[in-house]
Amino acid sequence: MTKQVRAARTRQALIRSAAIVFEQHGYGQARLALISSGAGVSTGALHFHFENKAALAQAVVAEASHGLLEVSGSIHRRTDTALQTLVDTSHALVDLLGRDPVTRAGFRLSYDGGRGGEPGLPAQWQSCVGRLLDEAATVGTLAEGVSRTDVTAATVAATTGFEVLGRCDTQWLSTRTLTGFWQLLLPCLAAPEALPLLDPAGTTAAAEAVAASRAVHETYEVGAAAPV
């Protein structure tokens with residue numbers, strides 16, 4: 001194993017450990033010693049990669065942001081319409097929020113003022129939703145008279161609200177809950193000829209994109225506690 005690979009694995013282990021500690025204790029109460037211990041490295045190794053706690057928080061948000069962009073792009077390449085891409089991406093996002101501590105911590109740190117100068121993930125998600133609705137309008141799959149601004153607000157509010165509610169009850173982050181949301185919204189959103197072609201439960205593209213993203217991260221996590 002090369003020094004560069006060991007360093008990359010250690011950095012990823014620290015980001016994941018930081019996400020877990022931030023989630024469990026909050027940013028203010030998170031301790032660097034706990035983060036380094038969770039990653040299986042010394043505090044010296046932590047400081048080799050990150051100057052301070054703020055830098056770690058910035059890295060967590062950046063990693064979560066990159067993951068969302070990666071999954072969204074993968075789904076867009078696998079689906080036929082912008083509206084199905086939107087549905088599938090929302091399912092992938094909710095799946096990540098339920099399974100991935102980096103995604104959850106990235107959102108929560110974003111709520112806390114977008115630490116580290118990274119764009120907040122809710123704002124990034126809002127931009128993604130808006131772009132897909134614009135694309136749907138361009139190709140005519142959006143129903144006439146639909147306000148893209150209102151639909152964007154409703155979609156972002158619902159999905160990020162599920163994350164908040166899911167902290168106490170994981171059913172809010174279930175496929176069933178999100179499918180019910182799309183079953184209500186799609187008939188108001190999609191053009192009549194497009195609606196029968198849409199699956200509110202999401203297609204296999206969502207699961208495939210999440211699985212591909214998880215496989216990439218697991219590559220770094222194996223042996224992540226190796227020295228820098």
Side-chain angles (χ1 to χ4, degrees), residues 1-78 89 92-125 127-128 163 205-228:
M1 185 188 304
T2 66
K3 183 176 181 180
Q4 289 82 1
V5 171
R6 288 198 303 271
R9 288 182 171 178
T10 298
R11 189 176 191 280
Q12 288 297 315
L14 284 165
I15 290 172
R16 187 173 183 82
S17 178
I20 293 170
V21 173
F22 289 148
E23 182 179 12
Q24 291 177 344
H25 301 281
Y27 178 84
Q29 297 301 314
R31 297 291 177 263
L32 294 180
L34 192 57
I35 293 171
S36 60
S37 175
V41 301
S42 67
T43 54
L46 183 153
H47 284 294
F48 176 84
H49 291 277
F50 300 103
E51 181 180 359
N52 50 35
K53 187 164 64 172
L56 263 169
Q58 179 181 358
V60 170
V61 174
E63 184 74 10
S65 175
H66 176 74
L68 179 57
L69 287 172
E70 185 180 70
V71 166
S72 176
S74 176
I75 290 171
H76 200 288
R77 292 188 294 272
R78 296 167 189 253
T89 303
L93 173 59
V94 166
D95 182 71
L96 287 169
L97 287 169
R99 297 172 181 265
D100 180 35
V102 175
T103 303
R104 288 195 300 271
F107 265 84
R108 296 179 193 186
L109 288 165
S110 296
Y111 297 145
D112 192 15
R115 291 184 181 278
E118 289 292 332
L121 264 73
Q124 180 184 326
W125 174 226
S127 177
C128 176
E163 187 276 324
E208 289 169 356
V210 171
S213 176
R214 187 177 298 125
V216 170
H217 292 295
E218 286 174 353
T219 299
Y220 283 105
E221 288 170 9
V222 174
V228 295

Between T43 and A33, which heavy-atom pair has the shortest distance, and what is it? CG2-CA, 4.0 Å
F22: partners by ring-ring contact (aromatic ring centres under 6.0 Å, His included), with sequence neighbours left out: Y27
If you measure from CG on L68 to CG on D100, what distance do you get to the nearest 0.5 Å? 11.0 Å
Indicate yes or no for a side-chain donor-acceptor contact from S17 to the backbone of I35 under 3.5 Å, with no hydrogens or angles considered. yes
Can you confirm whether L32 sits close enough to H47 that some side-chain heavy atom of one is under 4.5 Å from a side-chain heavy atom of the other? yes
Over all heavy atoms of both residues, which pair between H49 and A7 is shortest? Give the atoms and the distance, please. CE1-O, 3.3 Å
List for me each residue that meets side-chain hydrogen bond (donor to acceptor under 3.5 Å, both in side chains) alongside S72, sequence neighbours excluded, and say none if there are none. none
Test of understanding: with side chain to side chain contact (heavy atoms under 4.5 Å, CB included), list the residues that count as partners of H25, not counting sequence neighbours. V21, Q29, L34
Among residues at least two apart in sequence or on other chains, which ones pass side-chain hydrogen bond (donor to acceptor under 3.5 Å, both in side chains) with S42? none
Mind listing the closest non-hydrogen atom pair of T103 and A64 along with its distance? CA-CB, 4.0 Å
Restricting to pairs with a member in residues 20-30, which pass salt bridge (charged side-chain N to carboxylate O under 4.0 Å, His left out), not counting sequence neighbours? E23-R104, E23-R108
Identify, with sequence neighbours excluded, every residue that meets side chain to side chain contact (heavy atoms under 4.5 Å, CB included) alongside V94. L173, L178
Taking the side chain from Q124 and the backbone from S65, do they hold a donor-acceptor pair closer than 3.5 Å? yes
Results of side chain to side chain contact (heavy atoms under 4.5 Å, CB included) for A206 - residues two or more places apart only: I75, D88, H91, A92
Suppose we screen for salt bridge (Lys or Arg N to Asp or Glu O under 4.0 Å). Which residues come up paired with E208, at least two apart in sequence or across chains? R78
With sequence neighbours left out, what residues match A207 under side chain to side chain contact (heavy atoms under 4.5 Å, CB included)? none
Residues two or more places apart in sequence or in another chain: which of them pass salt bridge (Lys or Arg N to Asp or Glu O under 4.0 Å) with R31? none
If we ignore hydrogens and angles and just use 3.5 Å, is the side chain of S110 paired with the main-chain N or O of G106 as donor and acceptor? yes
Working for side-chain contact (heavy atoms from CB on, under 4.5 Å), residues E63 and R16: CA-CA 9 Å; E63 184 74 10; R16 187 173 183 82; over 6 Å; no
Taking the side chain as every heavy atom from C-beta outward, state whether I15 and F50 have any pair of such atoms under 4.5 Å apart. yes
Side-chain heavy-atom pair L56, L46 within 4.5 angstrom cut-off: yes
Does T10 use its side chain to pair, donor to acceptor, with the backbone of R6 at less than 3.5 Å? yes
